[in-house]
Asks: 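Have a look at this one.
Model, not experiment: these values are computed from the prediction.
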Amino acid sequence: MDHKSSLTTPPDNAFVPVPGCWICDLLASVAREAWCGEHGLTPRDWLSVTASGMLHHMTAHAGH
């Protein structure tokens, strides 16, 4: 697995959304926007949203 990131693509191991989950899709979208600095979001926002995504993944999708 390639864990390299770029200015436009966050690390691929940061948060892996579950296909078909609208909450995962939303969190992943905001995380990408924060990584790129869109809409006034910052790296701090990226870290926070990524942590929220990981928590959501562990609680809502345990065992997937």
Asks: Report yes or no: do V18 and M58 belong to one cluster of Ile/Leu/Val/Met/Phe/Trp/Tyr joined by side chain heavy-atom distances under 4.5 Å?
Replies: no

Asks: Would you compute the distance between atom CG of L41 and atom CH2 of W35 and round it to the nearest 0.5 angstrom?
Replies: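 The distance works out to 13.5 Å.
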
Asks: Tell me, please, which residues at least two apart from S48 pass side chain to side chain contact (heavy atoms under 4.5 Å, CB included).
Replies: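 Expected list: none.
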
Asks: State which residue, out of V49, D45, D25, fulfils the side chain to side chain contact (heavy atoms under 4.5 Å, CB included) condition with V30.
Replies: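 Per the side chain to side chain contact (heavy atoms under 4.5 Å, CB included) rule, the option paired with V30 is V49, out of V49, D45, D25.
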
Asks: Side-chain contact test, heavy atoms from C-beta onward, threshold under 4.5 Å: evaluate it for E38 versus R32 and give yes or no.
Replies: no

Asks: Would you check if C21 and H57 make a side-chain contact, meaning some heavy-atom pair closer than 4.5 Å?
Replies: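 Heavy-atom side-chain distance check fails, nothing below 4.5 Å.
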
Asks: Would you please name every residue forming a side chain to side chain contact (heavy atoms under 4.5 Å, CB included) with L47, sequence neighbours left out?
Replies: none

Asks: Kindly compute the distance separating OG1 (T50) from CG (L55), expressed to the nearest 0.5 Å.
Replies: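 Going from the OG1 atom of T50 to the CG atom of L55 covers 12.5 Å.
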
Asks: Go through the structure and list residues passing side-chain hydrogen bond (donor to acceptor under 3.5 Å, both in side chains) with S52, not counting sequence neighbours.
Replies: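 Counting only residues at least two positions away or on another chain, S52 forms no side-chain hydrogen bond (donor to acceptor under 3.5 Å, both in side chains).
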
